[in-house]
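The block underneath contains the structure these notes are about, expressed in structure tokens.
First listed ligand is number 1; within each ligand, the first listed atom is number 1.
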Amino acid sequence: MTTPHPPSTSDAAHALHRQAAALDRDDPLADYVSAFVTTPEVVSYLDGNSLGRPTAAFAERASRFVTEEWGGRLIRGWDESWMAEPYRLGDRIGQLTLGAAAGQVVVGDSTTVLLYKTLRAAVAARPGRTEIVLDDDNFPTDRFIAEGIAEELGMRLRWIPADPASGVTPEQVAEVVSDETAAVLLSHVAYRSGYVLDVPAVVEAVRGAGALLVLDLCHSAGVVPTHLDDWGVDLAVGCTYKYLNGGPGSPAFCYVAHRHQATLRQPIQGWMGAADVFAMEPSYRPASGIGGFVSGTPTILGMLAIGSMLELIESAGMEAIAEKSRRLTDIAERAAEIHVLPRGAQLASPTAGPRRGSHLTLTHPSFEEVTARLWARGVIPDFRAPDGIRLGLSPLSTSFAEVEIGVRALGEELAAVQGNAAEGRR
Ligand SMILES: Cc1ncc(COP(=O)(O)O)c(C=O)c1O
């Protein structure tokens, strides 16, 4: 039987519209939306999992930095505060979002570079072992870095075949790890599907094999709470430009558990990671603690916006943020069921529950064209080849109405593209 109305005019669509309005009315975090920079041209921003919006407070913070801190203190700023900033900010990220006690997180470099440093350090800590375990659906940079290290050291990559619509299971990890495994590299939240890895179970499998786990937290930091200390994670890295709203190219962070800091050695031995930075010694002696994972001069400007976002995260609370993330993904899924899936698209993400992160992926062969049309009308999801649209929902800056408007527009543009194709065939 065919549907009596186009999906966008159905009773269900109207009910969803009312539900989104009611959710916004009752949302305890609703006021935070106005703490971010918005423009009337963008009616629905659904790409917080690629680049978070700027906080409104950041404009004033940046101006104060230029006039008072950089302009006013000049080179004295390094001694007075900037040298300590990667550690101070790292501790705050650790405490507020990662479940990491102080002294284990530092900010600097890019995720890619930190993946190299942490994975290379993990592998070096397991001499004689010949394998790195990873999954074939991890983000390209993770796979490429592991490939490079394997080539560099003559190691083998053991690939876990991951279901792109869900993710890696602890059973799959347990099956492939062995006394040949030096390190396991996985993402906490899969970049494509949003699948949330069962980290405690994976830690058990990795530890049982005597290997070390490196976790990529890019799609969880600031939105899906982690408990790195309690879970017993060895090493982790993540970016700050997604849900920590650090801005384009803001530096990454890495976590190295206290118990490994005295023994792990990372390969990029720069002066900022030396035991005595200004001693200008003839050869490298690593700093103790997390400082040994630092390499070069920290990007102080790049770190500035993260602090403003952490203030918002602190006042809202990670659990409340995670709860809103669940509700936003629920409404996005419902909107997709009404507006998008009836047009032949598929949901390529886990269904509601503990295995779902803060983004949803929908797939359809026409989505590249649909994305271009959406961007032109101020609805901004992202497209991931070959056929996926990701709806990344950043809880503090996204309203329920925004999600409903965006997914409805997605259905409309898919219908328009399908209509044009049908017209062309006549
Ligand atoms: C899972 C994951 N890892 C790493 C990166 C990127 O690394 P980098 O910040 O070095 O570009 C991304 C970027 O989106 C990502 O999604």
Side-chain angles (χ1 to χ4, degrees), residues 45-53 86 89-90 93 97-98 105-120 132 134-149 160 162 164 166-168 183-197 199 202 213-224 226 228 233 235-255 266 268 293 295-296 298-299 302-303 305-306 309 348-349 356-361 380-385 388-394:
Y45 187 55
L46 305 174
D47 208 0
N49 61 324
S50 281
L51 179 67
R53 284 183 183 275
L89 201 56
I93 292 172
T97 72
L98 306 180
V105 180
V106 71
V107 176
D109 304 318
S110 63
T111 314
T112 301
V113 170
L114 287 178
L115 279 168
Y116 177 69
K117 288 162 74 169
T118 50
L119 188 59
R120 184 68 180 71
I132 298 171
L134 70 167
D135 72 281
D136 60 5
D137 199 45
N138 206 343
F139 191 75
T141 216
D142 301 63
R143 292 182 279 107
F144 299 165
I145 287 290
E147 273 178 9
I149 291 176
I160 298 174
S166 57
V168 177
V184 177
L185 170 63
L186 295 169
S187 281
H188 178 220
V189 174
Y191 85 101
R192 215 190 283 276
S193 67
Y195 173 88
V196 178
L197 187 73
V199 179
V202 166
L213 175 65
V214 179
L215 212 51
D216 183 329
L217 304 178
C218 280
H219 288 275
S220 45
V223 72
V224 178
T226 54
L228 299 183
V233 170
L235 299 129
V237 300
C239 69
T240 60
Y241 45 75
K242 301 180 190 293
Y243 300 103
L244 293 173
N245 302 59
S250 59
F253 63 83
C254 80
Y255 164 90
Q266 61 88 9
I268 305 181
F293 271 73
S295 296
T299 50
M303 293 181 197
I306 306 168
M309 183 60 182
S349 290
R356 177 148 100 187
S358 206
H359 67 267
L360 289 185
T361 294
I380 322 273
D382 77 5
F383 175 74
R384 279 288 171 266
I389 276 183
R390 286 190 314 183
L391 309 172
L393 309 172
S394 190

Distance from [atom] to nearest protein heavy atom, with residue and atom:
| atom | value |
| --- | --- |
| atom 12 (C) of ligand 1 | F139 CE2, 3.4 Å |
| atom 16 (O) of ligand 1 | H219 NE2, 2.8 Å |
| atom 14 (O) of ligand 1 | K242 NZ, 2.6 Å |
| atom 11 (O) of ligand 1 | Y241 OH, 3.5 Å |
| atom 3 (N) of ligand 1 | D216 OD2, 2.7 Å |

Just by modelled atom types, is the [Y] backbone N or O under 3.5 Å from a matching donor or acceptor in the [X] side chain?
| X | Y | answer |
| --- | --- | --- |
| S349 | S193 | yes |
| N49 | L391 | no |
| T97 | A221 | no |
| S187 | A190 | no |

Is it the side chain, the backbone, both or neither of [X] that has a heavy atom closer than 4.0 Å to ligand 1?
| X | result |
| --- | --- |
| V113 | neither |
| T111 | both |
| T112 | both |

Which of parallel (below 30°), tilted (30 to 60°) and perpendicular (above 60°) describes Y191 and F139? perpendicular
Ligand-side contact atoms (ligand 1) for residue partner D142, heavy atom cut-off under 4.0 Å: 3 (N), 4 (C)
Against heavy atoms of S110, which atoms of ligand 1 measure under 4.0 Å? 10 (O)
Restricting to salt bridge (Lys or Arg N to Asp or Glu O under 4.0 Å), what partner residues turn up for D47, sequence neighbours left out? none
If the condition is salt bridge (Lys or Arg N to Asp or Glu O under 4.0 Å), which residues does R192 pass it with, not counting sequence neighbours? D137
